[in-house]
Protein chains: 2
Amino acid sequence: MSSCDTCVVRNRAICSGLNDGEIGALNTLGRRRNVVAGEPLIWEDDDSLLVANVIEGVLKLTTSTEDGREQIVGVAYPSDFIGRPFGQTSSASVVALTDARVCVFSRNDFDRFAREHPGLEHKLLERTLAELDRTRSWMMLLGRKNASEKIATFLLEMSERLAESGCAPVLGPAKRFTLPFSRQQVADVLGLTIETVSRQFTKLKNDGVVELPTRRDVEIVDRPALVAMAG
Amino acid sequence: MSSCDTCVVRNRAICSGLNDGEIGALNTLGRRRNVVAGEPLIWEDDDSLLVANVIEGVLKLTTSTEDGREQIVGVAYPSDFIGRPFGQTSSASVVALTDARVCVFSRNDFDRFAREHPGLEHKLLERTLAELDRTRSWMMLLGRKNASEKIATFLLEMSERLAESGCAPVLGPAKRFTLPFSRQQVADVLGLTIETVSRQFTKLKNDGVVELPTRRDVEIVDRPALVAMAG
DNA sequence: AGTCGGCGTTGACGGATGTCAAAATACCAA
DNA sequence: TTGGTATTTTGACATCCGTCAACGCCGACT
């Protein structure tokens, strides 16, 4: 039996552009792989050897300078596609933030298969265009927003992205959620230092806008205030 | 006679994925349009009504906050594709920086045509993936680089992008070029203020790294220094 | 040529955020 | 529970860059 038959992201990932026969063919090329939190899957500037669909978990895409500064340039959730097809090298590293399960393909196999299946390429194109939109709006945040606007925008985005994963019908943004990021990683997403992130979180807590029961859990108490802060 | 026959970007734009018959069909959907410097072509958050290929000139893609802050999130050169196919709204405004000539299509027409021509969609996918790579490396700049690193990186990128336009065989980065940006626009690309940009330019000039014969012209005198500064 | 207006430069100053260091807290394993 | 470690928080201080204001330059137009 094809493992695609039981895949929870079958209807949301780029595979949804394929019929049953095509899925079967693609299935022979890919394999499931578990990645534990903190483990890298793809290295920046390495030959782009593999691509993958995220089945479960959250991964970060990062770029780094030689002197060790890091910027998180993307976050991959279940059903997202990662890796760089049709190119020699990957421009970002991919590292699991939580334990994750992915469906990996060799880049060469995937490229060949995709070129023969326009439906798959179309889904990938739609996804890539959407990711580009999202990335561009993040550039606005990085270039033009101050620390408190960055934090507010970040928390609102998290409450939306982390709610989407459920299959429930349109439940809206989550009021309470668990961040897949450490404070340092939040800083790496927002182009801030860990100290600034920490101070901003403390301020939001003191102002009664959010509650922070643990290091990773967030409860949004005053969403309108957050929206106003996000700018 | 099809205007595509004489199009200077015919072999570099996404149209290069089409044969002569297909080009003829696409040609009936599109029309040439001139855009004068400063004129907008697409508005942020508007219904995405048109897409286009850039034939000549340079255009900026921008996003803005309600209170008027602006971030340039992309720059389109000849042969680049602009607009948002397969989506309802565009996430960025497009405004000409120089007088420009574009080949525009209604989004609906283009979407329909693209879905029927996988070769075109493939070219668009490759272009979108490359643009996403470029955008991500720009996020690193916005989030983690300081003013002098930003300026150095910017000038090096300009010297490469502005050299590419020629048909000459691999002439390498330009030593001397004319910026399509005002100082304010450079600031909007880099997430800085016009004053900081101006001071950094002056410093580079005083240090003998560049010469600035006019407000728009740049000559790179000490490229290795610039590369070292770019981080 | 003279004048006007936009753009760019320069200076003085302040504040937001980074840096460095220490303390506190949460998490984990025994 | 307890101890140990990594993470986070907090504080003091430094600095880079933004803000505000004045001035200068260059091109356009009469």
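A note on names: the letters A, B, ... follow the listed sequences, proteins ahead of strands, and every chain is numbered from 1.
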Residue B:Arg199, side-chain atoms from C-beta onward, closest of C:dT25, D:dT10, D:dG18: D:dG18

Between B:Ser159 and B:Arg223, is there a side-chain donor-acceptor contact under 3.5 Å, judged purely by atom types and distance? yes

Taking 4.0 Å as the cut-off, does a side-chain nitrogen or oxygen of B:Thr196 come that near to OP1 or OP2 on D:dG18? yes

Could you say whether A:Ala147 or B:Arg216 is positioned toward the 5' end of DNA chain C, judged by the nucleotide with the nearest heavy atom to each? B:Arg216

Closest-nucleotide mapping onto DNA chain D: is B:Glu195 or B:Lys145 further toward the 5' terminus? I mean the 5' end. B:Lys145

Tell me whether the count of non-hydrogen atoms from other residues, nucleotides or ligands lying under 6.0 Å of CZ in B:Arg216 goes above 12. yes

Indicate, with yes or no, if the rings of B:Phe110 and B:Phe81 have centres closer together than 6.0 Å. yes

Once you round it to whole Å, what is the distance between C1' of C:dA16 and CZ of A:Arg144? 16 Å

Applying salt bridge (charged side-chain N to carboxylate O under 4.0 Å, His left out) between B:Lys60 and each of B:Glu44, B:Glu70, B:Glu39, report the one that passes. B:Glu70

To the nearest angstrom, the CG-P distance between A:Leu212 and D:dT8 comes to 12 Å

If I take atom CZ in residue B:Phe201 and atom P in nucleotide C:dG8, what distance separates them, rounded to the nearest angstrom? 10 Å

Given D:dT7, is OP1 or OP2 found less than 4.0 Å from the side-chain N or O atoms of A:Ser182? no

Side-chain N or O of B:Thr193 less than 4.0 angstrom from OP1 or OP2 on D:dT19? no

Roughly how many Å is it from CG in B:Asp67 to P in D:dT19, rounded to a whole number? 11 Å

Can you tell me if B:Thr214 touches the phosphate of D:dC26, counting only side-chain N or O atoms and a distance under 4.0 Å to OP1 or OP2? no

I want to check one thing: is the phosphate of D:dT9, taken as OP1 and OP2, less than 4.0 Å away from some side-chain N or O of A:Arg183? yes

Using side chain to side chain donor-acceptor pair (under 3.5 Å), reason through B:Thr89 and B:Asp45 one step at a time and then give a plain yes or no. CA-CA 6 Å; B:Thr89 62; B:Asp45 297 330; 5.3 Å; no

To the nearest angstrom, how far is A:Asp188 atom CG from D:dT8 atom C1'? 15 Å

Report yes if a donor N or O on one partner sits less than 3.5 Å from an acceptor N or O on the other, where the partners are the side chain of A:Arg215 and the base of C:dC27; otherwise report no. no

Take the protein atom CZ of A:Phe181 and the nucleotide atom P of D:dT7, then report the distance between them rounded to whole Å. 16 Å

Within this structure, what is the CD1-to-C1' distance between B:Ile151 and C:dG8, rounded to whole angstrom? 14 Å

Check every atom of C:dT17, D:dG18, C:dT10 against the side chain of B:Leu192 and return the nucleotide holding the closest atom. D:dG18

Separation of B:Ile194 atom CD1 from D:dC17 atom P, in whole Å? 17 Å

